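See below for the structure under consideration.
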Amino acid sequence: MTDRHTAAGMRYWTYGRGRRDTFLLVHGWCCDHRFMEPIARHLAGRPARVIAVDMPGHGQSPPPPEGYGVEQLAARLRALAAELDLRRVVVIGHSLGGVWSLAAAAGDRDRFAGLVMLDSAVAGPPGAAAAIEEVARSLRDDTSGAAREAIVRSYFLPQSDPRLVEWVVSAMARPSTEVAYAPIAALAAYVGAGGDEAALTRWDRPLLLVGSNAPFADYARLARLAPQANIGQAAGSGHFVQLEVPDQVNAMIDRHLELTGRPPTGGPARAGQRE
């Protein structure tokens, strides 16, 4: 069962009725809360409260007057946690949502206790900021949506389920050209200024990163910046790991939570276990 609410100017959905743990799920670029549903429904089986947001300008949430900077959107997540008085939150973000989640958690260590990033552009290889900036330039005047669609399709494998591919392409075509361009340009600026490196260094609490077949993160660099990190690699999946291989991702999240002191009721889940 899910319920829709509003806080900090954002729509959010709740899954589960537990109160032992709190999970905040954050979708990525041009997506919405539905992209996090496989994880939300899995975690709802725990004695936990699970919250999945539509970030500003995405899904059913209005555009943010303060803009789409990484720190601005991270502040919205912190505001939501404060308004709902959430404590010891584990925040789970996919793609750009993982960067927003990292910045939010690193900026409020009183409320955030754990962090999971799914194929997020942090601790990238040399030239990562320039590559992101090039993507942003291709999106700036992309009123037809052709450049956006090409990028989204490139995130899948040739073997990916074509029905999933078309659903994702259709869903990600809905946000405005500004929503497609501005957050990516902001990400380029954030990475170029070393914002991800600073946040990873500041965050000294549990961290899991799950990469795809072509991960954005440089695993060795991430391990140097965040020695406490657990790093996983999804097999047979493009960028949308939580949609393409949800059993793998959910099992890795379960194992990470078990190792960091949050085992599910009844013992740890087995790899590949279905809900």
Side-chain angles (χ1 to χ4, degrees), residues 23-33 35-40 43 50-56 58 68-78 80-81 89-108 112-125 128-129 132 135 155 172 183-184 186-188 190-191 194-203 205-219 221-223 225-226 228-234 237-246 248-250 252-253 256-257:
F23 297 95
L24 176 60
L25 310 187
V26 184
H27 64 78
W29 170 68
C30 281
C31 300
D32 57 51
H33 74 281
F35 283 69
M36 303 301 286
E37 278 204 343
I39 297 173
L43 292 174
V50 183
I51 297 169
V53 299
D54 276 356
M55 291 297 287
H58 298 74
Y68 291 96
V70 170
E71 292 293 354
Q72 284 81 4
L73 294 184
R76 282 294 193 102
L77 292 173
R78 290 193 293 268
L80 180 141
V89 180
V90 175
V91 58
I92 302 175
H94 170 246
S95 190
L96 184 49
V99 183
W100 297 330
S101 298
L102 168 64
D108 190 349
F112 293 93
L115 172 65
V116 176
M117 292 183 287
L118 306 177
D119 210 29
S120 296
V122 297
I132 297 168
V135 171
Y155 288 157
M172 293 182 66
I184 301 298
L187 175 63
Y190 182 76
V191 171
D196 59 324
E197 180 175 348
L200 285 166
T201 302
R202 193 160 61 246
W203 181 254
R205 295 184 175 181
L207 164 63
L208 169 66
L209 183 133
V210 178
S212 68
N213 67 305
F216 290 111
D218 180 325
Y219 293 162
R221 183 168 178 242
L222 175 63
L225 292 169
Q228 79 282 12
N230 288 318
I231 300 173
Q233 176 79 43
S237 176
H239 179 55
F240 296 91
V241 292
Q242 78 279 18
L243 298 177
E244 290 209 75
V245 289
Q248 288 186 44
V249 172
N250 288 335
M252 282 190 270
I253 292 173
H256 174 71
L257 295 173

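None of the values given here were measured: they were computed from a predicted structure. Throughout, numbering of the chain's residues begins at 1 and tracks the sequence.
Annotation for F216 and P125: closest pair O-CD, 3.6 Å, computed over non-hydrogen atoms. Taking every heavy atom of both residues into account, A121 and L187 meet most closely at CB-CD2, 4.3 Å. The shortest heavy-atom contact between G238 and S212 is O-CB, 3.2 Å. R221 and E197 make their closest contact through NH2-OE1, 3.0 Å (heavy atoms, listed as atom of the first residue, atom of the second, distance). For the pair L73 and P56, the tightest heavy-atom approach, listed with the atom from each and the gap, is CD2-CG, 3.9 Å. Between A81 and F112, the shortest heavy-atom contact is CB-CZ, 4.1 Å.
Proximity of a side-chain donor or acceptor of N230 to a complementary backbone N or O of L208 within less than 3.5 Å is not detected. At least one donor-acceptor pair under 3.5 Å links the side chain of R78 to the backbone N or O of A103. At distances below 3.5 Å, at least one donor-acceptor pair connects side-chain atoms of Q228 with backbone N or O atoms of R205. Using a distance-only test at 3.5 Å, with no hydrogens or angles considered, no donor-acceptor pair links the side chain of Q242 to the main chain of P38. When atom types are taken as modelled, the side chain of D218 and the backbone of G124 share no donor-acceptor pair closer than 3.5 angstrom. A donor-acceptor pair under 3.5 Å is absent between the side-chain atoms of E244 and the main chain of S237, judged by distance alone.
Between the CG atom in N213 and the OH atom in Y155 there is a gap of 12.0 Å [rounded to 0.5 Å]. Once rounded to the nearest 0.5 Å, the distance linking OH of Y68 with CZ of R76 reads 9.5 Å. Separating the CE atom in M117 from the CD1 atom in I231 is a distance of 9.0 Å, to the nearest 0.5 Å. Summarising the geometry, atom CD1 belonging to I39 is positioned 11.0 Å from atom CD belonging to E37; distances are rounded to the nearest 0.5 Å.
Using a 4.5 Å heavy-atom threshold, the side chains of D196 and Y190 count as touching.
Shown are L225, L209, L115; of these, the side-chain contact (heavy atoms from CB on, under 4.5 Å) with L200 is made only by L225. Of the residues V90, V210, V116, the one that meets the side-chain contact (heavy atoms from CB on, under 4.5 Å) test with H256 is V116.
Residues meeting the side-chain contact (heavy atoms from CB on, under 4.5 Å) test with A188, sequence neighbours left out: I132, E133.
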Verdict with supporting geometry, I253 and F23, side chain to side chain contact (heavy atoms under 4.5 Å, CB included): CA-CA 12 Å; I253 292 173; F23 297 95; 5.6 Å; no
Intermediate values then yes/no, side chain to side chain contact (heavy atoms under 4.5 Å, CB included), I51 and L25: CA-CA 6 Å; I51 297 169; L25 310 187; over 6 Å; no
Test log, rule side chain to side chain contact (heavy atoms under 4.5 Å, CB included), inputs V26 and M36: CA-CA 7 Å; V26 184; M36 303 301 286; over 6 Å; no
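Side chains of H58 and D32: no donor on one and acceptor on the other come within 3.5 Å.
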For residues 92-101, tabulate all N or O donor-acceptor pairs below 3.5 Å that involve a side-chain atom, not counting sequence neighbours.
unit_1: H94; atom_1: NE2; unit_2: H239; atom_2: O; d: 3.1
unit_1: S95; atom_1: OG; unit_2: H239; atom_2: NE2; d: 2.8
unit_1: S101; atom_1: OG; unit_2: G97; atom_2: O; d: 2.7

